[in-house]
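Order of the sequence lines fixes the chain letters, A, B, ..., with proteins taken first and strands second; residue numbering starts at 1 for each chain.
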There are 2 protein chains.
Amino acid sequence: MEHKDDSYKFKKVISIGVVSELTGLSQRQIRYYEERKLIFPDRSKGTRKYSFDDVERLMDIANKREEGVTTREIRRELTKELREKMLKGQMNAHFRFRG
Amino acid sequence: MEHKDDSYKFKKVISIGVVSELTGLSQRQIRYYEERKLIFPDRSKGTRKYSFDDVERLMDIANKREEGVTTREIRRELTKELREKMLKGQMNAHFRFRG
DNA sequence: CGTGTAAGGAATTCTGACACG
DNA sequence: CGTGTAAGGAATTCTGACACG
């Protein structure tokens, strides 16, 4: 329950031009953050598609960059978050099915 | 309260190609329904932008068309709904501020 | 490292029209 | 009436590169 993945927030339907308008970032920046693995758009026949969640994430990234945080550090933070989430997922599974 | 218009559902950010994929309708059909005033995308420099709400609405339209309902009839239904909503809005205002 | 820009090509979208019915 | 299609142009997006620092 709660996992409505079909939710508007996560559907990758927005083109880079619109994302640029929404975030105030240049297309160059957006593509670069992808290259640095901070963001992961879908590809529909070559052209990138972003979700509203991606847009929010890009705004976070923009804030961090303004504070002087490098893409490398942002990438590390993301990796750490993912690690924590995976651990939490395992613990959930553990206590739900075995605890 | 409740009126979070900034909600993902109503932001017009989706291009016609994606809407076509999402709804299964041809771009021709989508443009035609606009011509018949069943749908109202935004325009950003010429190109149409739709919201998820528009996408849902288009799916409703598609269903009605399959049932043989004409665009004219769908248009009438829409007009009627709008009339009812405006009436309701007036009544709200009436009872809230004067009742 | 992070971002701008010019370059050339590929994919997308637009409109108005003709077609069929 | 509702939709397909070919046509030509306009706007969008893509990549790889050079620039600066």
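- Of the two residues near DNA chain C, A/Lys49 and A/Thr71, the one whose nearest nucleotide lies more 5' is A/Thr71.
- Between A/Glu73 and A/Lys64, none of the side-chain N atoms (NZ, or NE/NH1/NH2) sits under 4.0 Å from a carboxylate O, so this pair counts as no salt bridge.
- In this model, the phosphate group of D/dG4 is approached by a side-chain N or O of B/Ser26 to a distance below 4.0 Å at OP1 or OP2.
- With C/dT3, D/dT13, D/dG2 as the candidates, the nucleotide lying closest to the side chain of A/Tyr32 is C/dT3.
- For C/dT12, neither phosphate oxygen OP1 nor OP2 lies less than 4.0 angstrom from any side-chain nitrogen or oxygen of A/Thr47.
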Note to self: Output the pairing pattern of DNA chain C as a dot-bracket string, 5' first, Watson-Crick or G-U wobble with both distances under 3.5 Å, | for cross-strand pairs, [ ] for crossing pairs.
What the structure shows: .||||.||.|.|.||.||||.

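- What separates CD of A/Glu35 from P of D/dA17 is a distance of 12 Å, to the nearest Å.
- Map A/Gly46 and B/Tyr33 each onto its nearest nucleotide of DNA chain D; the residue landing nearer the 5' end is B/Tyr33.
- Under the 3.5 Å distance criterion, the side-chain polar atoms of B/Asp60 are left unmatched by any main-chain donor or acceptor of B/Arg57.
- Judged purely by distance below 3.5 Å, without hydrogens or angles, the side chains of B/Arg28 and B/Tyr32 never pair a donor atom with an acceptor atom.
- Rounded to whole Å, atom P of D/dC14 lies 6 Å from atom CZ of A/Arg43.
- Under 4.0 angstrom from either OP1 or OP2 of D/dG2 there lies no side-chain N or O belonging to B/Gln29.
- At D/dC14, one or more side-chain N or O atoms of A/Arg48 fall inside 4.0 Å of OP1 or OP2 (strictly under the cut-off).
- In this structure, A/Ile14 places its CD1 atom 18 Å from P of C/dT12, rounding to the nearest Å.
- Take the nearest nucleotide of DNA chain C for A/Val69 and for B/Gly17: the residue whose nucleotide is more 5' is A/Val69.
- Between B/Lys12 atom NZ and C/dT13 atom P the separation is 17 Å, expressed in whole Å.
- Between A/Ser20 and A/Leu25 the shortest heavy-atom distance is OG-O, 2.6 Å.
- In this structure, B/Arg31 places its CZ atom 14 Å from C1' of C/dA17, rounding to the nearest Å.
- Put simply, the side chain of A/Arg65 reaches to within 4.5 Å of the side chain of A/Ile74, judged on heavy atoms.
- If you check C/dC14, D/dT3, D/dT13 against the side chain of B/Arg28, the one that comes closest is D/dT3.
- Residue A/Arg36 has a polar side-chain atom (N or O) positioned under 4.0 Å from OP1 or OP2 of C/dG2.
- The backbone N or O of A/Arg36 sits nowhere less than 3.5 Å from a side-chain atom of A/Arg75 that would complete a donor-acceptor pair.
- Nearer to the 5' terminus of DNA chain D, by closest-nucleotide assignment, is the contact made by B/Arg65 (compared with the other of A/Val18 and B/Arg65).
- Contact check, A/Lys45 against C/dT12: a side-chain N or O comes under 4.0 Å of OP1 or OP2.
- When rounded to the nearest whole Å, the span between CD1 of A/Ile30 and P of D/dT15 equals 13 Å.
- In this structure, CD of A/Gln27 is placed 20 Å from P of C/dG2, rounded to the nearest angstrom.
- Residue B/Leu38 contributes atom CG, which lies 9 Å from atom P of D/dG2 at whole-angstrom precision.
- Hydrophobic side-chain contacts under 4.5 Å tie A/Leu78 into a cluster, directly or through other members, with A/Phe40, A/Leu82.
- A salt bridge links B/Glu34 with B/Arg43: the distance from a Lys NZ or Arg NE/NH1/NH2 to an Asp or Glu carboxylate oxygen falls below 4.0 Å.
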